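Keep in mind the model is a prediction, meaning the values are calculated, not measured. Per chain, numbering begins at 1; letters A, B, ... match sequence-line order.
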2 protein chains.
Amino acid sequence: MPPVDTKTRILDSAEHLFAQDGFHITSMRTITSTAEVNLASINYHFGNKESLLQAVIERRLLPLNKIRADEIKKVIAQAEDNSALPTAKALLQAFIDPTLKFRDSSTGARDFITLVGRSLNEPDETVRNCFLALIFPIFEQLRQALQSALPHLSQATLLIRLQFIMGTINQVMCMRNEPLFKNQTQANNNHYNDAMQQLLQFILAGVEAPE
Amino acid sequence: MPPVDTKTRILDSAEHLFAQDGFHITSMRTITSTAEVNLASINYHFGNKESLLQAVIERRLLPLNKIRADEIKKVIAQAEDNSALPTAKALLQAFIDPTLKFRDSSTGARDFITLVGRSLNEPDETVRNCFLALIFPIFEQLRQALQSALPHLSQATLLIRLQFIMGTINQVMCMRNEPLFKNQTQANNNHYNDAMQQLLQFILAGVEAPE
DNA sequence: GCTTCATTTAAACACTTGTTTGAAACAGTT
DNA sequence: AACTGTTTCAAACAAGTGTTTAAATGAAGC
């Protein structure tokens with residue numbers, strides 16, 4: 001009954017808590033008391049805890065993936081207009097840029113990105129697959145586009161390098177306020193967006209390295 | 001009293017289960033029944049569950065870090081003998097090679113590496129810091145060595161690129177049998193060690209990219 | 001044999017977990 | 001105003017959690 005309806009309140013709180021503390025540590029009672037709703041309302045609206053996670057993921061990831069897919073298609077179409085191959089840089093940018101724009105769009109979105117970054121290496125297979133299943137199609141689309149952008153790379157090499165790229169991106173997505181290793185020399189006034197430009201440089205050099 | 005003593009049996013089982021299912025999911029009862037020891041023996045020998053994790057980490061990571069540190073020092077010393085700067089490639093190899101040799105030394109070691117890879121992005125700060133605290137010194141050593149190997153790179157850039165590298169390595173460490181995205185075209189007969197050579201190529205290109 | 005110490009054992013502890021229940025409150029429609 | 005279907009609520013459920021306890025067992029020294 002407060003500002004927004006119960007279902008949304010639950011989704012927002014769960015998103016934040018899952019990102020901050022992890023899926024398994026976060027209890028139903030913590031979620032419901034944070035959301036100021038009744039304990040049973042999660043089971044009423046979502047069935048069980050795992051379906052709530054699924055709902056948290058889908059709410060953000062389906063729209064985000066749509067944007068990413070459209071951006072990649074756009075890059076391919078523009079290249080075709082110039083009867084040229086799309087560049088790896090443009091393709092990777094089409095994948096990463098929407099992620100980062102989205103990340104900075106709200107605090108909830110920032111939580112969500114952290115959640116995704118952490119969950120791709122989740123030990124619990126059921127939880128991990130919730131994310132992998134939704135990310136796989138866009139990953140596959142990017143892979144095929146990059147394969148035609150980098151025809152000299154073998155399929156196997158491109159595939160493993162894409163795994164490396166996902167690892168790098170995950171690392172960045174997991175960063176909340178501070179880098180992985182803090183209390184370092186100076187160098188901490190690196191703002192997040194600077195790191196983003198650096199990210200593209202880094203993975204582009206990696207994927208384009210001689211075989 | 002079986003083959004090995006209780007303490008070691010607990011450490012072995014915990015290592016395997018923590019890597020496979022995660023720290024929080026794994027219960028004391030699962031550990032003790034797998035190890036075929038009494039439930040209370042964990043608290044007797046280690047105090048509590050978290051101290052057990054600490055023991056699991058230290059048993060492997062302290063010796064491994066010693067090897068890594070020695071390898072890096074060796075590279076620096078050899079370069080000095082030739083009155084030259086150490087190369088970034090040699091330094092990164094000195095960091096990665098021991099990790100992978102260790103990883104293939106036993107199934108327990110393989111479990112352990114998975115555990116480390118996953119835990120560096122653990123949501124639970126207490127758990128995450130167990131790992132970060134032990135890895136930070138070697139990270140810092142590598143950073144300083146790389147800074148002198150790549151003097152044209154600003155400190156800030158090197159630092160963020162080292163974060164990317166850690167992300168890439170983590171991703172590889174988390175791979176157990178299969179890559180992050182399976183059921184792919186063909187390309188799966190990529191053996192693990194092939195991926196390792198590829199890893200060095202990838203991160204080397206990334207860290208040496210123009211600023 | 002007896003004592004002393006470290007270790008193992010079964011049982012219980014207090015607490016938290018996700019989920020279910022059935023009644024209460026609410027909204028909308030006729 | 002009375003009935004409808006939906007949503008909220010407090011309470012309870014059974015199961016699992018990490019940890020503690022006190023008795024039993026083991027081995028070592030004198």
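Residue A:T6 places no side-chain N or O under 4.0 Å from the OP1 or OP2 atom of D:dT7. In this structure, A:N38 reaches the D:dA10 phosphate: one of its side-chain N or O atoms is under 4.0 Å from OP1 or OP2.
Residues from residues 10-30 of chain A placing a heavy atom under 4.0 Å of any atom in DNA chain D, listed by number, are A:R29. Near-neighbour residues of DNA chain C inside residues 40-51 of chain A, defined by a heavy atom below 4.0 Å, number-ordered: A:A40, A:N43, A:N48, A:K49.
Looking at B:I76 and B:I72, their side chains come closer than 4.5 Å, going by heavy atoms from C-beta outward. Looking at A:L120 and A:R128, their side chains never come closer than 4.5 Å, going by heavy atoms from C-beta outward.
Cation-pi check for A:K49 over A:F23 is met; the charged atom lies under 6.0 angstrom from the ring centroid and within 45 degrees of its normal.
Nucleotide C:dT19 holds its C1' atom 8 Å from the CG atom of A:L39, rounded to whole Å. Whole-Å rounding puts the B:E36 CD to C:dT9 P distance at 11 Å. Rounded to a whole Å, the NZ atom of B:K7 is 8 Å from the P atom of C:dT7.
Between B:D70 and B:K66 there is a salt bridge, since a side-chain N of the basic residue sits under 4.0 Å from a carboxylate O of the acidic one.
Residues satisfying the side chain to side chain donor-acceptor pair (under 3.5 Å) test with A:N43, not counting sequence neighbours, are none. A:Q201 pairs by the side chain to side chain donor-acceptor pair (under 3.5 Å) definition with B:R161, not counting sequence neighbours. Residues that satisfy the side chain to side chain contact (heavy atoms under 4.5 Å, CB included) test with A:D12, not counting sequence neighbours, are A:T8, A:R59.
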Compile the donor-acceptor pairs under 3.5 Å between side chains in residues 89-100 of chain A and protein atoms, sequence neighbours left out, one pair per line.
unit_1: A:T99; atom_1: OG1; unit_2: A:R68; atom_2: NH1; d: 2.9
unit_1: A:T99; atom_1: OG1; unit_2: A:F95; atom_2: O; d: 3.0

